[in-house]
Amino acid sequence: MTRQTSLHARHLAAGAKMVDFHGWDMPLHYGSQIEEHHAVRRDAGLFDVSHMTVIDVDGAAALEWLRRLVTNDPARLDAPGRAQYTAMCDQSGGVLDDLIVYRREQGWRLVVNSATREADLEWMHAHLADGVRLRERDDLAMLAIQGPRALERARDWLGDAAEPVAALAPFGFVEDGERFIARTGYTGEDGCEVILPGADAGAAFDALLAAGVRPAGLAARDTLRLEAGLNLYGQDMDNGVTPLESAMGWTVAWKPEDRDFLGRRALEAQRAQGVPRRLTGLVLQGRGVLRAGQTVQRDGRVIGVLTSGAFAPTLGAGIGLARIDAADLPAVGETVAVEIRGRLHPATRVKPPFVRNGEVQIER
Amino acid sequence: MSEIPSDLKCAATHEWARLEEDGTVTVGVTDHAQGSLGDVVFVELPETEAEIIAGDEAGVVESVKAASDVYMPVSGTVVAVNAALDEMPEKVNEDPYGDGWFFRLRPIDAGELDNLLDAEGYAEVVEAEAH
């Protein structure tokens, strides 16, 4: 049975073309995914991300348990109101999910992917410890307000929270009554993500639209995150690859050396032997679109594959993330071939992000 | 529900063809096609003076979702292409029967247009595809 968020009727009223996203009926776009993409880069866009999974973690042993569960070290969050991005791995070092860990005044909050909800909860419960309580918060909705004018347009709706939110560093958050507002996002633009009671989501949506924030769907979300060089679980990584093979090595906190997080041994072994593949960015030199599954080639040999690809509206070019054998990895700026519909096309290796804060970061 | 202008004929592969006064035939893709494709980002047009048989590939329309072949609706020689689509591929979405035209051809036999569908026939094809 397909699930709906509390904004379902509003999406339809706003002209959304809906799509089944891993069991959720979600807006793909509201007319033009390219226009929605530009709205986020230039102004402000609103995403319903209520399909994401919110898990509250409490108990005397919560921090200790979290430090074992994820590759980053939550102990580095040295005060409440801070968050970190991390991977969660299995004992082979394979990525089970990517998620954000928030340190609250009381307890912790995790936001994990929608598609991995069941698998993640099963894993967490299987590895639960005494003194830790998990509570899945499916009573909560989540909205992402993104773009250079996002906070400005959301000012009235944020009310008293507007100033504290504007003062947040990236990955900082505040709790204002029942609203949990974080300076995070999946677009490469400024803005915030708000977790709030499902019953309040409709009024929030109405208020933000009235303030000129433009509703944006999953299609724009994908082109935005790809331009921002952000991974998508299930495409750019899965449990068959490690964070080191997914451009996520920076999320692994190796120190302190005695923090035995799940997957540590396997990751140490891979690091010692040499990471066999790397995830990097590609830009198509000519006209066309890069798409997941296309092969990357050099001298007639396949050396890698596109894990994600799209036409990047802000760049006006095809871009993608590709996993390439370390032994054949081109230098940044070097050209390789991508096979598109039976023909080879030149593409250049770049270091993501492709776009950040509305500005193109790479050379074509 | 997209409506086909009555002066057009359509192929089951979603191209439209319009016989012009000077005997040439203008070709594009239908409103239904552009809706299914989503935002168009690139259009590959045939070369002028290319001679193409009906049913053969004449070009490609690439959208955010996928690339689709555009087929020659009637046999003939390409006499003009809509170069404006290079800079503004979105015209295909915005005005599929007007500014979004792809190319114009001189047919070998204008009678071949009778092999194409009229507005009603095409509507039935679209209806059938939906089920």
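So you know, we letter chains A, B, ... as the sequences are listed, proteins then strands, and number each from 1.
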> Can you check whether B/Val43's main-chain N or O pairs, donor with acceptor, with A/Arg287's side chain at less than 3.5 Å?
yes
> Can you measure from CG (B/Asp39) to CD (A/Glu35) and round to the nearest 0.5 angstrom?
7.5 Å
> Nearest heavy-atom pair of A/Arg341 and B/Ala67: which atoms, and what distance?
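So the two residues come closest at NH1-CB, 3.0 Å.
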> Is any side-chain heavy atom of B/Val64 closer than 4.5 Å to one of A/Gln33?
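Answer yes - side chains close enough.
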> Counting heavy-atom pairs closer than 4.5 Å to chain B, which one of A/Ser32, A/Ala310, A/Gly288 comes out on top?
A/Gly288
> Does any part of the side chain of B/Val41, heavy atoms only, come nearer than 4.5 Å to the side chain of A/Val289, both counted from C-beta?
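SC-SC contact between A/Val289 and B/Val41 confirmed.
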> Picking from A/Lys17, A/His29, A/Arg291, which has the most non-hydrogen pairs under 4.5 angstrom with chain B?
A/Arg291
> Taking atom CD of A/Glu359 as the centre, does the number of heavy atoms from other residues, nucleotides or ligands within less than 6.0 Å exceed 12?
no
> For the interface with chain A, which of B/Glu62, B/Glu90, B/Lys65 has the highest count of heavy-atom pairs at distances below 4.5 Å?
B/Glu62
